[in-house]
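I have placed the structure first, in the form of structure tokens, so that the comments after it can refer back to it.
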Amino acid sequence: MREKEIEKKLIQAVKQAGGICPKLVSPGFDGMPDRMVLLPNGKIGFVEVKATGEKPRPLQFSRHRLLRRLGLLVYVLDDAEQIGGMLDEIQTP
């Protein structure tokens, strides 16, 4: 599945869960994930969206590690079937 299609499904699923999924733009700090998932009750996650079977670039992996070291949830999404489980994980205390 193409990246745009997966991203569209992610945005819709987050909206249905009562949240928003803004595009993350970070000038001067390349490699950040594509989307922030902001859900009710202060739940947040970062999502790198890829076409099916594609992997993040080395700089993206580096940024993901940085965010995880800060205690944040980071996901690589390359299959729309992963969305439900990912949202469940973000919402779990």
Side-chain angles (χ1 to χ4, degrees):
M1 186 176 284
R2 293 176 37 201
E3 182 175 327
K4 280 266 189 224
E5 295 167 9
I6 296 171
E7 192 168 34
K8 190 174 182 180
K9 289 177 186 279
L10 170 65
I11 294 165
Q12 184 60 35
V14 170
K15 187 175 182 178
Q16 287 177 346
I20 59 173
C21 191
K23 182 111 177 119
L24 182 58
V25 180
S26 185
F29 203 68
D30 293 340
M32 290 296 285
D34 297 312
R35 294 278 174 173
M36 288 187 294
V37 173
L38 305 172
L39 296 171
N41 301 313
K43 304 297 181 175
I44 185 171
F46 293 87
V47 182
E48 182 68 48
V49 183
K50 293 291 182 186
T52 301
E54 289 192 11
K55 303 290 181 207
R57 298 183 316 270
L59 179 58
Q60 291 172 320
F61 274 124
S62 175
R63 296 297 186 229
H64 298 175
R65 281 192 304 273
L66 172 63
L67 293 171
R68 288 182 180 120
R69 280 196 309 267
L70 293 171
L72 299 164
L73 297 173
V74 181
Y75 301 89
V76 176
L77 177 66
D78 75 341
D79 184 340
E81 296 296 318
Q82 300 168 319
I83 294 171
M86 182 187 67
L87 293 181
D88 288 345
E89 191 172 315
I90 293 171
Q91 291 174 320
T92 302

*Atom pair CD1/CD of Ile83 and Gln12 - distance to nearest 0.5 Å*: 10.0 Å
*asked:* Tell me whether Arg35 contacts the main-chain N or O of Glu7 through its side chain, where contact means a donor paired with an acceptor under 3.5 Å.
replied: no
*Does any non-hydrogen side-chain atom of Tyr75 lie less than 4.5 Å from one of Glu89?*
yes
*Closest approach of Ala17 to Gln91 (non-hydrogen atoms, all atoms of both residues)*: CB-NE2, 4.1 Å
*Check: Arg69 and Leu66 side chains under 4.5 Å, non-hydrogen atoms*: yes
*OG1 on Thr92 to CG on Leu87, rounded to 0.5 Å*: 10.5 Å
*Does any non-hydrogen side-chain atom of Cys21 lie less than 4.5 Å from one of Lys15?*
no
*asked:* Rounded to the nearest 0.5 Å, what separates atom CG in Asp88 from atom CE in Met86?
replied: 10.0 Å
*Could you give the distance from NE2 (His64) to CG (Leu59), rounded to the nearest 0.5 Å?*
9.0 Å
*Taking all atoms of both residues into account, what is the closest heavy-atom pair of Ile6 and Asp79, and its distance?*
CD1-N, 3.9 Å
*Look at the side chain of Arg63 and the backbone N and O of Asp30, then say whether any donor-acceptor pair between them is shorter than 3.5 Å.*
yes
*When you look at NZ of Lys43, are more than 12 heavy atoms from neighbouring residues, nucleotides or ligands closer to it than 6.0 Å?*
yes
*Any chance NZ of Lys23 has more than 12 other-residue heavy atoms, nucleotides or ligands included, within less than 6.0 Å?*
yes
*Identify whether Val49 and Val76 are in the same connected component of the hydrophobic contact network (ILVMFWY, side-chain heavy atoms under 4.5 Å).*
no
*Looking at CZ of Arg2 and NZ of Lys8, how far apart are the two atoms once the value is rounded to the nearest 0.5 Å?*
10.5 Å
*Do you know which two heavy atoms are closest between Phe61 and Pro56, and how far apart they sit?*
CE1-O, 3.3 Å
*State yes or no: do Leu70 and Leu38 share one hydrophobic cluster built from I, L, V, M, F, W and Y residues joined by side-chain heavy-atom distances below 4.5 Å, directly or via other members?*
yes
_Closest contact, heavy atoms only, Glu5 versus Met1_ = OE1-CG, 3.0 Å
*Is there a path from Val47 to Leu39 through hydrophobic residues (I, L, V, M, F, W, Y) whose side chains come within less than 4.5 Å of each other?*
yes
_Are Val74 and Ile90 connected into the same hydrophobic cluster when the rule is that any two of I, L, V, M, F, W, Y join if their side-chain heavy atoms are below 4.5 Å apart?_
no
*Among Asp78, Leu24, Asp34, the one residue meeting side chain to side chain contact (heavy atoms under 4.5 Å, CB included) with Glu48*: Asp34
*Do Ile44 and Met32 share a hydrophobic cluster (ILVMFWY, side-chain heavy atoms under 4.5 Å, transitive)?*
yes
